Asks: 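Before I ask anything, let me first share the structure, which is written out below as structure tokens.
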Amino acid sequence: LANLALFEKSQVIRSYGTGVYTVDLAALSLDDIALDSNLEQITITIPHAALSYVTVDVEKTEFEETKKALFAFGDIKLTNEQLNLLEQSIQETMTEQLSEADMLAKADSHAISQVQQLFDPIVRSIAQDYTVTIVLQP
């Protein structure tokens, strides 16, 4: 009503989701694999992990009580357009947070571990004394 603060309503919504990071191993070439016979070590250089997509877990969404100004009544009701904008905002916010440097560093660390687990048994089946080292592209 006339955009007066006396009629305002607000509500805190907590959304949860999952970010999926990937490493494109299809881009690996022979130049990304180095063999050191003296150290009995194979070094594989992989690209950095990249955020592929974000999924919002709608079932975990939490809604706090509606805060109402002096003359406000009822709950907040959103139109379909407003609901769509809210969902887009949640998706964008999660994508921003999951694209921050610290999150990408965690994804890189996990990627190194996972790629190590992938290549280790392959190398050991051919040459048991060799170790596999995974490094990220500069």
Side-chain angles (χ1 to χ4, degrees):
L1 294 169
N3 291 326
L4 297 175
L6 294 171
F7 298 101
E8 283 185 352
K9 294 183 257 182
S10 64
Q11 185 174 33
V12 174
I13 302 171
R14 277 187 203 81
S15 295
Y16 298 89
T18 304
V20 176
Y21 298 87
T22 58
V23 174
D24 185 9
L25 295 180
L28 289 180
S29 68
L30 286 176
D31 295 335
D32 297 317
I33 302 170
L35 172 67
D36 187 336
S37 299
N38 294 335
L39 295 175
E40 294 184 334
Q41 178 176 324
I42 296 175
T43 303
I44 302 172
T45 304
I46 63 171
H48 288 270
L51 181 63
S52 291
Y53 60 90
V54 175
T55 56
V56 178
D57 190 346
V58 179
E59 292 181 9
K60 286 187 177 179
T61 301
E62 298 172 357
F63 298 91
E64 287 189 8
E65 285 293 318
T66 303
K67 294 181 184 175
K68 302 172 189 170
L70 186 60
F71 294 115
F73 57 89
D75 288 327
I76 296 175
K77 292 179 178 53
L78 299 176
T79 65
N80 285 340
E81 184 178 302
Q82 291 169 326
L83 188 58
N84 189 25
L85 288 173
L86 176 63
E87 290 171 356
Q88 286 177 0
S89 174
I90 291 169
Q91 187 84 19
E92 289 170 4
T93 301
M94 285 185 179
T95 300
E96 278 179 30
Q97 288 184 356
L98 292 171
S99 297
E100 290 178 358
D102 62 326
M103 295 302 288
L104 291 172
K106 288 179 184 177
D108 279 342
S109 175
H110 192 67
I112 289 170
S113 172
Q114 292 299 307
V115 173
Q116 175 91 32
Q117 290 178 24
L118 176 69
F119 284 109
D120 224 15
I122 297 169
V123 170
R124 292 205 184 269
S125 70
I126 299 168
Q128 285 187 329
D129 296 336
Y130 277 71
T131 59
V132 176
T133 303
I134 307 298
V135 295
L136 296 168
Q137 291 176 345

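Just so it is clear, the structure is predicted and the values come from calculations on it, not from any experiment. If you read the sequence from its start, that first residue is 1, and numbering goes on from there.
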Asks: Going by the side-chain contact (heavy atoms from CB on, under 4.5 Å) test, name the single residue among Ile46, Ile33, Val23 that passes it with Leu28.
Replies: Ile46
Asks: Return the set of residues passing side chain to side chain donor-acceptor pair (under 3.5 Å) with Thr22 (not counting sequence neighbours), or none when no residue passes.
Replies: Ser52
Asks: Rounded to the nearest 0.5 Å, how far does OG of Ser113 lie from CG of Leu118?
Replies: 11.0 Å
Asks: Mind checking the OH-CE spacing from Tyr16 to Met94? Nearest 0.5 Å is all I need.
Replies: 9.5 Å
Asks: Which heavy atom of Ser99 sits nearest a heavy atom of Thr95, and at what distance?
Replies: OG-O, 2.7 Å
Asks: Give the cluster check for Val123 versus Leu39: same hydrophobic cluster or not, with ILVMFWY residues linked at side-chain heavy-atom distances below 4.5 Å.
Replies: no
Asks: Going by the rule side-chain contact (heavy atoms from CB on, under 4.5 Å), which residues pair with Ser29 if we only count those two or more places apart in sequence or in a different chain?
Replies: Asp31, Asp32
Asks: Would you tabulate the side-chain donor-acceptor contacts of residues 101-112 under 3.5 Å, counting partners in other chains and residues two or more places apart, or write 'none'?
Replies:
from	atom 1	to	atom 2	distance (Å)
Asp108	OD1	Ala49	N	2.7
Asp108	OD2	His48	ND1	2.7

Asks: Mind listing the side-chain donor-acceptor pairs of residues 83-91 below 3.5 Å, one per line with the distance, residues two or more places apart or on another chain?
Replies:
from	atom 1	to	atom 2	distance (Å)
Gln91	NE2	Val54	O	2.9

Asks: Tell me who clusters with Val20, hydrophobic residues only, linked when side chains sit under 4.5 Å apart either directly or through other members.
Replies: Tyr53
Asks: Show me, pair by pair, the donor-acceptor contacts under 3.5 angstrom made by side chains of residues 127-138, not counting sequence neighbours?
Replies:
from	atom 1	to	atom 2	distance (Å)
Thr133	OG1	Gln41	NE2	3.1

